[in-house]
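Predicted, not measured: the structure shown is a model, and the values here were computed from it. Numbering starts at 1 and runs along the sequence shown. Indexing begins at 1, ligand by ligand and atom by atom, following the structure's order.
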Amino acid sequence: MNTHVVDHPLAAVLLTTMRDARSDNATFRAALRRLTHMLVYEAMREAPVETFDVVTPIATTDGVRLTHPPLLVPVLRAGLGMVEQASSLIPQARVGFVGMARDEETHLPVPYLESLPADLSGIPVYVLDPMLATGGSMVHTIDLLVARGATDVTAVCVVAAPEGVAALSASGHPVRLVTAAVDEGLNENAFIVPGLGDAGDRQFGPR
Ligand SMILES: O=P(O)(O)OC[C@H]1O[C@H](OP(=O)(O)OP(=O)(O)O)[C@H](O)[C@@H]1O
Ligand SMILES: O=c1cc[nH]c(=O)[nH]1
Ligand SMILES: [Mg+2]
């Protein structure tokens with residue numbers, strides 16, 4: 001599986017704000033929005049484009065548009081903080097939703113929402129979730145996408161654990177990962193170390 005760590009000073013500064021336990025909910029959400037801009041920009045670098053005639057006030061020239069506008073899939077709750085920025089960067093994108101909450105005892109994802117187009121064949125899909133910990137939530141989300149015919153999936157994350165990267169790779173799904181960091185690992189509660197805490201709680205408050 002291809003893993004791209006977005007290694008840029010501006011991304012690192014925003015990630016630092018998100019990691020900092022002193023950042024309040026609003027500060028955390030603002031940093032996530034700005035970092036999402038950079039992650040999606042990088043994730044779309046190789047997106048295929050087609051040309052068409054565009055008429056400037058002076059002459060006709062080649063214009064460019066995305067060949068296959070993608071589907072964005074935020075994983076609720078935490079992925080909600082990424083979708084507005086991602087869709088403003090790609091106004092042609094459609095948006096689907098998956099909702100999932102980890103069971104605090106088993107650390108397994110418990111799905112509660114699935115709102116996706118029926119047929120995803122030929123559509124690139126960008127899954128938005130700041131955290132890839134055990135990988136259970138992301139693998140389950142991609143199971144849903146692949147069952148609808150998706151063959152081109154990008155997981156856009158802020159912090160990944162090596163365990164989650166390995167789980168994604170072992171899933172055998174057609175996925176690549178774009179993330180701002182790969183951290184040390186998971187603690188006994190399956191939280192990422194050093195991580196940034198619970199990305200849902202840090203945006204919206206505890207459930
Ligand atoms: O890789 P995993 O071990 O599955 O953990 C990652 C998941 O945990 C977080 O969501 P959470 O379950 O806390 O729900 P929330 O977004 O509502 O807080 C996060 O946003 C991922 O979806
Ligand atoms: O560190 C973690 C692990 C799972 N979910 C989070 O929000 N944070
Ligand atoms: Mg959470």
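Remark: minimum distance from atom 7 (C) of ligand 1 to any protein heavy atom is reached at S137 OG, 3.5 Å. When hydrogens are left out, the protein atom nearest atom 11 (P) of ligand 1 is R207 NH2, 3.9 Å; that is the closest non-hydrogen contact. When only non-hydrogen protein atoms are considered, atom 2 (C) of ligand 2 lies nearest to F191 CD2, 3.4 Å. Of the protein's heavy atoms, M100 O, 4.7 Å lies nearest to atom 10 (O) of ligand 1. Summary of contacts: the protein heavy atom closest to atom 2 (P) of ligand 1 is T134 OG1, 3.4 Å. If you check which protein heavy atom lies closest to atom 18 (O) of ligand 1, you get R77 NH2, 2.9 Å. When only non-hydrogen protein atoms are considered, atom 12 (O) of ligand 1 lies nearest to R102 N, 2.7 Å. Of the protein's non-hydrogen atoms, the one nearest atom 21 (C) of ligand 1 is D129 OD2, 3.1 Å.
The shell of residues lying under 4.0 angstrom from ligand 1, judged by heavy atoms, excludes P130. The closest approach between P130 and ligand 2 stays at or above 4.0 Å for every heavy atom of the residue. Within the 4.0 Å heavy-atom cutoff, S137 does not count among the residues contacting ligand 2.
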Give the intermediate values and the outcome of side chain to side chain contact (heavy atoms under 4.5 Å, CB included) for residues V156 and T36. CA-CA 8 Å; V156 182; T36 299; 5.7 Å; no
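For A78, no heavy-atom contact with ligand 2 is shorter than 4.0 Å.
Remark: ligand 1 atoms within the under-4.0 Å shell around heavy atoms of G136 are 1 (O), 4 (O). Close contacts between ligand 2 and A190 involve ligand atoms 3 (C) [criterion: under 4.0 Å to a heavy atom]. For ligand 2, the atoms sitting less than 4.0 Å from at least one non-hydrogen atom of A199 are 6 (C), 7 (O), numbered in the order shown with element in parentheses. Every atom of ligand 1 with a heavy atom of G135 under 4.0 Å away is listed here by number and element: 1 (O), 2 (P), 3 (O). Taking every non-hydrogen atom of D198 and a distance limit under 4.0 Å, the qualifying atoms of ligand 1 come out as 13 (O), 18 (O). Each of the following atoms of ligand 1 lies closer than 4.0 Å to a heavy atom of A78: 16 (O), 20 (O). Applying the 4.0 Å criterion to heavy atoms of I192 picks out, from ligand 2, the atoms 1 (O), 2 (C). Listed by atom number, the atoms of ligand 1 under 4.0 Å from M131 heavy atoms are 6 (C), 19 (C), 21 (C). Set against the non-hydrogen atoms of G200, the atoms of ligand 1 under 4.0 Å away are 18 (O).
Looking at every heavy atom in both residues, P69 comes nearest to P124 through O-CD, 4.2 Å. When every heavy atom of C157 is checked against every heavy atom of L39, the shortest pair comes out as O-CD1, 3.3 Å. Closest of all the heavy-atom pairs between A31 and M18 is CB-CG, 3.7 Å.
Taking 4.0 Å as the cut-off between side-chain N and carboxylate O, R19 and D183 count as a salt-bridged pair. A salt bridge links R65 with E50: the closest approach of a Lys/Arg side-chain nitrogen to an acidic carboxylate oxygen falls below 4.0 angstrom. Under the 4.0 Å criterion applied to side-chain N and carboxylate O atoms, E114 and R148 are assigned as salt-bridge partners.
A cation-pi geometry, defined here as NZ or CZ lying under 6.0 Å from the six-membered ring centre and within 45° of its normal, does not hold between R94 and Y126.
Taking backbone and side chain together, D201 holds no N, O or S atom under 2.8 Å from the Mg ion (ligand 3).
Here the shortest heavy-atom distance to atom 8 (N) of ligand 2, taken over G195, A133, G197, belongs to G197. Of all the listed residues (R77, R102, H107), R102 holds the heavy atom that lies closest to atom 4 (C) of ligand 2.
A distance of 4.5 Å separates CZ of F191 from CG of D198, quoted to the nearest 0.5 Å.
No more than 12 heavy atoms of other residues, nucleotides or ligands shown are found within 6.0 angstrom of CD on E104.
Counting only N and O atoms by type, the side chains of D152 and H68 include no donor and acceptor under 3.5 Å apart. Residues S23 and D20 have side chains that never bring a donor and an acceptor to within less than 3.5 angstrom of each other.
At distances below 3.5 Å, not a single donor-acceptor pair connects side-chain atoms of D103 with backbone N or O atoms of H107. At least one donor-acceptor pair under 3.5 Å links the side chain of E163 to the backbone N or O of L186.
On a distance-only criterion, M131 and ligand 2 share no N/O pair closer than 3.5 Å. Checking only distances, D201 never comes within under 3.5 Å of ligand 1, N or O to N or O.
Residues V98 and L113 have side chains not in contact (no heavy-atom distance under 4.5 Å, counting atoms from C-beta outward).
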